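Let me begin by presenting the structure, written as structure tokens, before commenting on it.
Just so it is clear, the model here is predicted, and its values are computed rather than measured.
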Amino acid sequence: MPSNPRVKVALAQINATVGDLGGNARKIIEFSRRAYEQGARVVLTPELSLCGYPPEDLLLRPAFMQACSQALRDCAAALADLPGLSVVVGHPHAIDDTAGLRTRSQSVPHRLNAASVLVEGRITATYAKRELPNYQVFDERRYFVSGRDAGLGPVVFESGGVTFGLNICEDAWFDEPGRAAKAAGAQVLCVLNASPFHLGKVAEREERMAERARDTRLPVLYAHLTGGQDEVVFDGASFAVDAEGHIAARAPMFEEALVLLDVSADGVAGDVAPVPSLEGQAWGALVTGVRDYIGKNGFPGALIGLSGGIDSALVLAVAVDAIGADRVRAVMMPSPYTADISWIDARDMAARLGVRYDEISIVPEFEAFKQSLATEFAGRAEDATEENIQARIRGTLLMALSNKFGSIVLTTGNKSEMATGYCTLYGDMAGGFAVIKDVAKTLVYRLALWKNAQGAEVIPERIITRPPSAELRPDQTDQDSLPPYEVLDAILQRYMEDDQAIGDIVAAGFSPADVERVTRLIKINEYKRRQAPVGIRITHRAFGRDWRYPITSGFRA
């Protein structure tokens, strides 16, 4: 045996689909065979790669767990003809399916978040995740038992004279699991991951793994999931750090990849892909989220209400990048208050992107509604009621087109609007997927400028430069009823994303009136957000899985 044995390791950065056990298994087998042909003798797949992440309450179904067990055995059998190959597969594992897992009044987890080593048709070892996250989008203690609490210890395996130890995702953010692997003989730490994306996560993730490497004095290999799953997106960017914490390899973001590494107890080497700018990462996350939500759920295409404003323009550009112009349809629905420049700009943008574009006036329907309600509304001035009727007519038309042709309606409301309730239930909130639900208005502008700077200017300049307006009454602009978006978004970040108290936000220099108005709007519009479509998460605190506030509440921060 050489004094410094080396082995080639492959990080299989795959896009798994929750519940598609057969498809995920085929992907694991395919990547493993490709890696073997290129000389790899160890393949690492992401966390729960066999079933997809997060499987949520599928884990409570015994039939699902039995199917996962069979799929794991099938994977092992399919790789039996590759001598000397060790494939590490993430999967859920039932401790005891005969135990009382769930009653009408009680639920007790009897599952492990596991990783098994498959060698020549056999399952040679199984590791169980020790640290179970229960914050942000994570809810793992609802389903899993810690490997530590289950009495299971570290797992190591040998390949080519190098000993590898296993951790799963959250384990590597703590000291004990990595140290336990080293104490068991690991010379290299392998970490299987399904770590949902948010802006800044790549740098944070790499720094924490560098800390783990320096703490254990072991190279760390990080195999990460990619792709969209409902509201969460996985960014890929699998990587490796040496024992000093230096980046030795990195996969591209938001795409499947097979990363080949030369690994020894002394070091690790591979290719290092660049990390895109913050705007590039946000764009990649939005495109990935749209592509996989539409693709994995089998929609033939997407419908977008194109208003001539910046939000719908951004959503249209994302959708075209995600699924292609031939599968995207834009519908302009002018009202009595729609400015000429709005339909001119909408037509211009649709032509630039090459999507089908139609115009359906809502004036007849709006007049019919007003006539039907004239007796009831007699003596009362027009107000938000009539504004909302226009939005609901548009929502009805879009949903009718969706029902007739099968395409999903992509809503166009941004995070600033969702926070303050500047959106209409059953109107502009009507649809199946909220693309920019977690994109603040100021970031909407930044992304529009970034997209135009990438080559062809797909968003007409006037859409970016004109004051934003819902165009539901004469001469309306957003700032008639909201603070400037730079102020609103800064307050939103401090209050909603960072949990700062109202007094602290005021002390930071914001107007007490603006802070009171914005935070009050956030509180009283919780009922709307509960009824909003699912949308893509790109920040560390999004409305949805991250945000679980009561609708009825007397507390003010």
Using every non-hydrogen atom in the two residues, find where [X] and [Y] come nearest and quote the distance to one decimal.
| X | Y | value |
| --- | --- | --- |
| Val220 | Met209 | CG2-O, 4.1 Å |
| Ala322 | Arg291 | O-CG, 3.6 Å |
| Phe64 | Gly19 | CE1-CA, 4.2 Å |

How long is the gap from [atom1] on [X] to [atom2] on [Y], to the nearest 0.5 Å?
| X | Y | atom1 | atom2 | answer |
| --- | --- | --- | --- | --- |
| Ile408 | Leu410 | CD1 | CG | 6.0 Å |
| Leu60 | Arg142 | CG | CZ | 6.0 Å |
| Leu225 | Leu48 | CG | CG | 9.0 Å |
| Gln187 | Thr163 | CD | OG1 | 4.5 Å |

Expected output: side-chain [X] to main-chain [Y] donor-acceptor under 3.5 Å:
| X | Y | answer |
| --- | --- | --- |
| Arg352 | Glu457 | yes |
| His224 | Gly236 | yes |
| Lys296 | Gly228 | yes |
| Gln13 | Glu255 | yes |
| Arg529 | Gly544 | no |
| Asp242 | His246 | yes |
| Arg179 | Thr216 | no |
| Arg356 | Ala330 | no |
| Glu158 | Gly161 | yes |
| Arg141 | Pro133 | no |

Legend entry - Arg41 vs Ser86, side-chain contact (heavy atoms from CB on, under 4.5 Å): CA-CA, chis, key distance, verdict: CA-CA 6 Å; Arg41 292 301 176 262; Ser86 299; over 6 Å; no
Inset, instruction - Given side-chain hydrogen bond (donor to acceptor under 3.5 Å, both in side chains), test Tyr143 with Asp57 step by step and report yes or no. - result: CA-CA 8 Å; Tyr143 307 109; Asp57 280 10; 2.6 Å; yes
Inset, instruction - Using the six-membered ring wherever Trp is involved, compare the ring planes of His540 and His198 and label them parallel, tilted or perpendicular (cut-offs 30° and 60°). - result: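 Ring orientation, 0 to 90° scale: perpendicular.
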Inset, instruction - Anything under 30° is parallel, anything over 60° is perpendicular, the rest tilted; go ahead and classify Tyr293 against Phe299. - result: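 Rings of Tyr293 and Phe299: parallel, under 30°.
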Inset, instruction - May I have the step-by-step check of side-chain contact (heavy atoms from CB on, under 4.5 Å) for Leu447 and Tyr445, ending in yes or no? - result: CA-CA 5 Å; Leu447 290 177; Tyr445 282 104; over 6 Å; no
Does [X] make a cation-pi contact with [Y], if we ask for NZ or CZ under 6.0 Å from the ring centre and within 45° of the axis?
| X | Y | result |
| --- | --- | --- |
| Arg33 | Tyr36 | no |
| Arg130 | Phe174 | no |
| Arg250 | Phe239 | no |

Inset, instruction - Show the numbers, then the answer: is there a side-chain contact (heavy atoms from CB on, under 4.5 Å) between Leu112 and Ile95? - result: CA-CA 7 Å; Leu112 298 172; Ile95 298 175; 3.7 Å; yes
Inset, instruction - Report the C-alpha separation of Lys201 and Ser195 in whole Å, then their side-chain angles, then the decisive distance to 0.1 Å, and conclude whether the side-chain hydrogen bond (donor to acceptor under 3.5 Å, both in side chains) test is met. - result: CA-CA 9 Å; Lys201 187 66 174 288; Ser195 175; 2.9 Å; yes
Between [X] and [Y], is there a side-chain N and carboxylate O pair less than 4.0 Å apart?
| X | Y | answer |
| --- | --- | --- |
| Arg212 | Glu176 | no |
| Arg446 | Glu279 | yes |
| Asp235 | Arg205 | yes |

Inset, instruction - Classify the side-chain pair His91/Ser49 by whether it contains a donor and acceptor separated by less than 3.5 Å. - result: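 His91 vs Ser49: no donor-acceptor pair found between side chains.
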Inset, instruction - Give a yes-or-no answer on whether the side chains of Asn113 and Glu47 include a donor-acceptor pair shorter than 3.5 Å. - result: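 Distance-only check passes for Asn113 and Glu47.
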Looking at side-chain heavy atoms only, is the closest gap between [X] and [Y] below 4.5 Å?
| X | Y | value |
| --- | --- | --- |
| Ile323 | Val328 | yes |
| Ile464 | Asn452 | yes |
| Leu72 | Leu118 | yes |
| Leu44 | Phe164 | no |
| Pro533 | Phe433 | no |

Legend entry - Intermediate values then yes/no, side-chain contact (heavy atoms from CB on, under 4.5 Å), Ser32 and Leu79: CA-CA 8 Å; Ser32 297; Leu79 296 168; 3.9 Å; yes
Inset, instruction - Please identify each residue that fulfils side chain to side chain donor-acceptor pair (under 3.5 Å) with Arg327, with sequence neighbours left out. - result: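 Partners of Arg327 by the side chain to side chain donor-acceptor pair (under 3.5 Å) criterion come out as none, since no residue qualifies.
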Inset, instruction - Pick out which of Lys437, Arg541, Arg537 makes a salt bridge (charged side-chain N to carboxylate O under 4.0 Å, His left out) with Asp546. - result: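 With Asp546 as partner, Lys437, Arg541, Arg537 yield a single salt bridge (charged side-chain N to carboxylate O under 4.0 Å, His left out), made by Arg537.
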Legend entry - Phe234-Phe254 aromatic ring centre distance below 6.0 Å: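 Centroid separation for Phe234 and Phe254: 6.0 Å or greater.
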Legend entry - Residue list, salt bridge (charged side-chain N to carboxylate O under 4.0 Å, His left out) with Arg217, at least two apart or on another chain: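 With sequence neighbours excluded, Arg217 shows a salt bridge (charged side-chain N to carboxylate O under 4.0 Å, His left out) to Glu244, given in chain and number order.
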Inset, instruction - For Thr539 and Lys415, run side-chain hydrogen bond (donor to acceptor under 3.5 Å, both in side chains): C-alpha distance rounded to whole Å, both residues' side-chain angles, the deciding distance at 0.1 Å, then the answer. - result: CA-CA 10 Å; Thr539 69; Lys415 188 173 190 175; 3.0 Å; yes
Legend entry - More than 12 heavy atoms of other groups within 6.0 Å of Asp149 CG: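 Yes, enclosed.
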Inset, instruction - Check the pair Ser402, Ser407 against side-chain hydrogen bond (donor to acceptor under 3.5 Å, both in side chains), reporting the backbone distance first and the verdict last. - result: CA-CA 5 Å; Ser402 175; Ser407 292; over 6 Å; no
Inset, instruction - Would you mind telling me which of Asp311, Thr442, Asp489, Asp438 makes a side-chain hydrogen bond (donor to acceptor under 3.5 Å, both in side chains) with Asn414? - result: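 It is Asp311, the one option of Asp311, Thr442, Asp489, Asp438 that forms the side-chain hydrogen bond (donor to acceptor under 3.5 Å, both in side chains) with Asn414.
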Inset, instruction - Applying salt bridge (charged side-chain N to carboxylate O under 4.0 Å, His left out), run through Glu207 and Arg214 and close with a yes or a no. - result: CA-CA 11 Å; Glu207 178 53 37; Arg214 289 190 290 267; 3.1 Å; yes
